[in-house]
Number of protein chains: 2
Amino acid sequence: MRIVRNRNEEMNTKKKVKALQTYNETGLRKTKQRALIMEIIRRERHLDADEVCRRARAEQPRLSLSTVYRTLQTLKEKGLVEEVHFDEAHHHYETKPASEHHHLVCLGCGQVIEFCYSLVHFIKEDVAEARDFEITGSEVRMTGYCPTCRRSK
Amino acid sequence: MRIVRNRNEEMNTKKKVKALQTYNETGLRKTKQRALIMEIIRRERHLDADEVCRRARAEQPRLSLSTVYRTLQTLKEKGLVEEVHFDEAHHHYETKPASEHHHLVCLGCGQVIEFCYSLVHFIKEDVAEARDFEITGSEVRMTGYCPTCRRSK
DNA sequence: ATTTCTATTGCGAACTATTCGCATTTAGTA
DNA sequence: TACTAAATGCGAATAGTTCGCAATAGAAAT
């Protein structure tokens with residue numbers, strides 16, 4: 001564990017409120033890189049880090065892949081971005097959605113469909129109670145074949 | 001796509017039946033390595049490749065990590081093993097369970113609890129119909145904190 | 001039991017995803 | 001405008017996984 005000495009933590013209440021109004025209430029500095037990354041994943045969902053970087057470099061050619069990773073990590077910690085896990089051995093990212101949703105992945109063409117299901121929330125509450133867990137996240141992923149890919153098999 | 005020329009495919013029916021009785025109906029050759037890997041993941045659930053390899057080497061010190069990866073992959077294709085995805089950027093494996101189950105992971109101590117929920121199956125059928133997908137797999141994962149870890153926070 | 005055929009293995013190198021250290025730049029203050 | 005710490009870019013390091021290939025070893029045929 002390292003000690004995080006965040007500017008905000010040292011401020012008095014009045015200043016803190018002011019600070020929190022900058023950059024989307026996160027207390028993070030506004031940078032072109034971060035804004036662009038945020039914009040890209042807001043526009044297109046469940047990209048992986050490399051895809052984010054490639055898209056971003058169209059506008060900021062010198063953007064570093066490390067920065068992309070660091071930024072996604074930071075935004076995830078701030079709760080603005082969610083990491084999703086498909087079958088692949090790397091992560092995908094998306095802006096935190098208003099309503100909880102889940103993923104249906106076609107193994108043929110790779111398309112990802114998002115779907116909502118209030119039952120999932122119910123399961124979550126139920127599991128939390130049954131196992132006495134404080135549940136912080138849940139992810140439902142289904143894989144299969146879309147109509148088109150099924151036909152061409 | 002490469003052409004798979006499997007011995008069994010060339011056999012006549014009579015011989016084929018005989019072959020299928022060897023090594024658990026899979027048509028795979030019986031090897032010490034494969035048997036050991038299978039035994040290890042049957043005994044202990046959701047290990048990752050490296051953990052499987054370390055445990056196996058207690059008995060077969062020269063076992064190669066590549067073999068572990070290849071074997072898990074093969075067994076997965078044959079439907080004997082399932083790959084599960086936690087938050088980490090690598091896979092975990094378990095023998096295919098009799099009944100579909102899901103995972104609850106404690107972010108504090110890392111323990112994994114398996115739970116069953118027939119509702120999940122219902123959701124699966126429902127999504128399949130609504131989106132016209134042939135669904136081949138589903139995975140539900142919840143993360144949070146167990147009672148013990150919650151107390152020590 | 002011996003031979004034959006090819007699946008499987010071990011090894012090291014290659015590859016992909018991710019993180020880290022550090023010098024440099026830059027946003028937000030004072 | 002100057003100061004300070006956050007954020008960036010770069011290249012190296014690490015972790016997980018796959019690949020190529022020669023050597024080994026199951027299973028079928030003799």
Side-chain angles (χ1 to χ4, degrees), chain A residues 2-11 15-16 18-23 26-38 47-54 56-57 60-76 78 83 85-93, chain B residues 2-12 14-16 18-23 26-37 47-54 56-57 60-78 83 85-93:
Chain A
R2 75 193 177 84
I3 296 173
V4 178
R5 181 182 273 279
N6 188 304
R7 172 176 308 229
N8 289 327
E9 289 169 12
E10 297 164 13
M11 289 179 175
K15 288 196 178 172
K16 192 168 187 174
K18 180 158 180 270
L20 286 176
Q21 291 172 337
T22 67
Y23 200 70
T26 59
L28 298 174
R29 286 186 181 172
K30 242 180 281 195
T31 69
K32 299 184 225 322
Q33 291 90 334
R34 197 130 60 194
L36 178 58
I37 290 170
M38 200 55 193
L47 296 172
D48 61 36
D50 197 62
E51 290 165 338
V52 171
C53 192
R54 276 205 299 274
R57 277 181 174 160
Q60 294 175 18
R62 309 206 39 208
L63 181 75
S64 155
L65 182 56
S66 318
T67 298
V68 174
Y69 274 108
R70 268 183 305 227
T71 302
L72 291 171
Q73 189 62 35
T74 307
L75 293 173
K76 191 177 80 169
K78 294 294 178 183
E83 194 178 75
H85 307 89
F86 298 154
D87 271 0
E88 299 148 35
H90 64 268
H91 304 315
H92 292 246
Y93 299 87
Chain B
R2 74 191 177 86
I3 297 174
V4 178
R5 180 183 273 280
N6 188 305
R7 174 175 305 231
N8 290 328
E9 290 169 11
E10 296 165 14
M11 290 180 174
N12 62 39
K14 194 175 153 212
K15 287 194 176 173
K16 193 168 187 173
K18 182 160 180 270
L20 286 177
Q21 292 173 335
T22 67
Y23 201 70
T26 59
L28 298 174
R29 286 185 181 172
K30 238 180 285 195
T31 69
K32 299 185 224 324
Q33 293 87 335
R34 197 130 60 195
L36 178 57
I37 290 170
L47 296 172
D48 62 36
D50 197 62
E51 289 166 337
V52 171
C53 191
R54 275 205 299 276
R57 278 181 173 160
Q60 293 176 19
R62 309 207 39 209
L63 181 75
S64 154
L65 183 55
S66 321
T67 298
V68 174
Y69 274 108
R70 269 183 306 225
T71 301
L72 291 171
Q73 189 63 34
T74 307
L75 294 173
K76 190 176 83 171
E77 279 158 19
K78 294 293 178 183
E83 196 179 73
H85 308 88
F86 298 154
D87 271 0
E88 300 149 33
H90 65 266
H91 305 315
H92 292 246
Y93 300 86

Roughly how many Å is it from [atom1] in [X] to [atom2] in [N], rounded to a whole number?
X       : N      : atom1 : atom2 : answer
A:Leu63 : C:dT25 : CG    : C1'   : 14 Å
A:Leu72 : D:dT8  : CG    : C1'   : 15 Å
A:Gln33 : C:dT26 : CD    : P     : 9 Å
B:Lys32 : D:dT24 : NZ    : P     : 14 Å
A:Arg34 : C:dT25 : CZ    : C1'   : 14 Å
B:Gln60 : C:dT9  : CD    : P     : 10 Å
A:His92 : C:dA17 : NE2   : P     : 9 Å
A:Leu75 : D:dA7  : CG    : C1'   : 12 Å

When rounded to the nearest 0.5 angstrom, what is the spacing between [atom1] in [X] and [atom2] in [Y]?
X       : Y       : atom1 : atom2 : value
A:Leu65 : A:Arg54 : CG    : CZ    : 10.0 Å
A:His91 : A:Leu72 : NE2   : CG    : 10.5 Å
A:Thr71 : A:Leu28 : OG1   : CG    : 9.5 Å

Handout entry: Minimum heavy-atom distance between B:Ala49 and B:Val68, given as atom pair plus value
Key =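 The pair with the smallest heavy-atom distance is O-CG1, 3.6 Å.
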Problem - Heavy-atom pair with the smallest gap, counting every atom of A:Ala56 and A:Leu63 - result: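 Closest pair (atom of A:Ala56, atom of A:Leu63, distance): CB-CD2, 3.4 Å.
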Taking only residues two or more places apart in sequence or in another chain, which ones pass side-chain hydrogen bond (donor to acceptor under 3.5 Å, both in side chains) with [X]?
X       : value
B:Gln60 : none
B:Glu83 : B:Lys76, B:His85, B:Tyr93
A:Ser64 : A:Ser66

List every contact pair, protein side and nucleotides 19-21 of chain D side both N or O, where the distance is under 3.5 Å.
| unit_1 | atom_1 | unit_2 | atom_2 | d |
| --- | --- | --- | --- | --- |
| D:dC19 | N4 | B:Ser66 | OG | 3.2 |

Phosphate oxygens OP1/OP2 of [N]: is one of them under 4.0 Å from a side-chain N or O of [X]?
X       : N      : result
B:Thr31 : C:dT9  : yes
A:Ser64 : D:dC10 : no
B:Lys30 : D:dA25 : no

Exercise for the section: Please evaluate the base of C:dA7 for a donor-acceptor partner in the side chain of B:Arg29 within a cut-off of under 3.5 Å? Expected result: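 Indeed, a donor on one side and an acceptor on the other fall under 3.5 Å apart.
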Handout entry: Partners meeting ring pair (Phe, Tyr, Trp, His ring centres under 6.0 Å) with A:Tyr69 (sequence neighbours left out)
Key =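 Checked A:Tyr69 against ring pair (Phe, Tyr, Trp, His ring centres under 6.0 Å); zero matches.
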Practice task
Would you please name every residue forming a ring pair (Phe, Tyr, Trp, His ring centres under 6.0 Å) with B:His92, sequence neighbours left out?
Solution key: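 B:His92 satisfies ring pair (Phe, Tyr, Trp, His ring centres under 6.0 Å) with B:Phe86, B:His90 once adjacent residues are dropped.
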Handout entry: Test salt bridge (charged side-chain N to carboxylate O under 4.0 Å, His left out) applied to B:Arg57 - qualifying residues, sequence neighbours left out
Key =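 Once residues adjacent in sequence are excluded, B:Arg57 has no partner under the salt bridge (charged side-chain N to carboxylate O under 4.0 Å, His left out) criterion.
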Under 3.5 Å, which protein N or O atoms sit close to an N or O of nucleotides 13-17 of chain D? Give each pair with its distance.
| unit_1 | atom_1 | unit_2 | atom_2 | d |
| --- | --- | --- | --- | --- |
| D:dT17 | OP1 | B:His91 | N | 3.1 |
| D:dT17 | OP2 | B:Tyr69 | OH | 2.3 |
| D:dT17 | O5' | B:Tyr69 | OH | 3.2 |

Handout entry: Donor-acceptor pair, side chain of B:Glu77 and main chain of B:Thr74, under 3.5 angstrom
Key =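 Answer holds: no.
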Exercise for the section: Please report how far the helix from C:dA1-D:dT30 to C:dA30-D:dT1 bends, comparing the axis fitted to its first five pairs with the axis fitted to its last five, to the nearest 10 degrees. Expected result: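 Axis-to-axis angle, ends of the helix: 30°.
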